[in-house]
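Encoded as structure tokens, the structure appears first; notes follow it.
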Amino acid sequence: MLQDLILKNFWLKFFSVALATVIWLSIHYGIQNESPMREGGMTHLLAQEYIRVPVTVSTPPGDTRAFRVIPSEVVVVAMGDEATLRGAANRDFKVSVDLTDFHAKGPTPMVLQSEAPADLTIEEISPSTVSVEQVAR
């Protein structure tokens, strides 16, 4: 009777115990390797913020052409340390459109380029393109 309890469906029971052991070990080592929780709590909270930033125009030196950029401001979604984000202003973020080789006659969609302070990352720019046209002076 006791022998049947162990030997009946032995391979199914063995596989179940092995699978349970693998799951337990992966959870155990996964919890141990979570460094922010292991070091006494999360000290660097990541935050997300929406910031309105004006679009600047990059042209070659000496270029006197005037351009209209629509929209003139975009929304930047930035992520980083909560304290750093609070201290950052829209002037710390740079969103520009490169018009060094711009020779179109009518409105042209252009892709934006961005720069952020060292400790912050730009996750998204909305809209990601702007309409640019040269205006007569």
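All values below were derived from every heavy atom in this structure, side-chain atoms included, with hydrogens, water molecules and symmetry-related copies excluded. As the structure is a prediction and not an experimental result, all values here were calculated from the model.
For Thr56, the side chain to side chain contact (heavy atoms under 4.5 Å, CB included) criterion is met by Ser96, not counting sequence neighbours. Applying the side chain to side chain donor-acceptor pair (under 3.5 Å) rule to Asp98 yields the partners Thr100; only residues at least two apart in sequence or on another chain are considered.
Summarising the geometry, atom OG belonging to Ser58 is positioned 11.0 Å from atom CZ belonging to Phe67; distances are rounded to the nearest 0.5 Å. Here the OG atom belonging to Ser126 is positioned 9.5 Å from the CZ atom belonging to Arg52, to the nearest 0.5 angstrom. Summarising the geometry, atom OG1 belonging to Thr59 is positioned 11.5 Å from atom CG belonging to Asp101; distances are rounded to the nearest 0.5 Å.
Residues Ile125 and Ser114 share a closest heavy-atom pair of CD1-CB, 3.5 Å. When all heavy atoms of Ile122 and Ala116 are compared, the closest pair comes out as CG1-CB, 3.7 Å. Heavy atoms only, all atoms of each residue included: Asp81 and Leu120 are closest at N-CD2, 4.3 Å. The two atoms that bring Val97 and Met110 nearest to each other are CG2-CB, 3.4 Å, heavy atoms only.
Contact of the Val95 side chain with the Val76 side chain is registered, since non-hydrogen atoms from C-beta on lie closer than 4.5 Å. Residues Ile51 and Phe93 are in side-chain contact: their nearest non-hydrogen atoms beyond the backbone lie under 4.5 Å apart. Using a 4.5 Å cut-off on side-chain heavy atoms (C-beta onward), Pro54 and Ser72 make no contact.
Residue Ile70 is found outside any hydrophobic cluster, as its side-chain heavy atoms come under 4.5 Å of no other Ile, Leu, Val, Met, Phe, Trp or Tyr. Under the 4.5 angstrom side-chain criterion for Ile, Leu, Val, Met, Phe, Trp and Tyr, the cluster partners of Tyr50 are Val75, Val77.
Among residues at least two apart or in separate chains, salt bridge (Lys or Arg N to Asp or Glu O under 4.0 Å) pairs with a member in residues 112-133 are Arg68-Glu133.
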Show your reasoning for whether side chain to side chain contact (heavy atoms under 4.5 Å, CB included) applies to Thr129 and Leu112.
CA-CA 6 Å; Thr129 60; Leu112 295 170; 6.0 Å; no

Report, one line per pair, each donor and acceptor closer than 3.5 Å where one atom sits in a side chain of residues 13-28; sequence neighbours left out.
unit_1	atom_1	unit_2	atom_2	d
Lys13	NZ	Leu5	O	2.5
Lys13	NZ	Lys8	O	3.0
Ser16	OG	Leu12	O	2.9
Thr21	OG1	Val17	O	2.8
Ser26	OG	Val22	O	3.3
Ser26	OG	Ile23	O	2.9

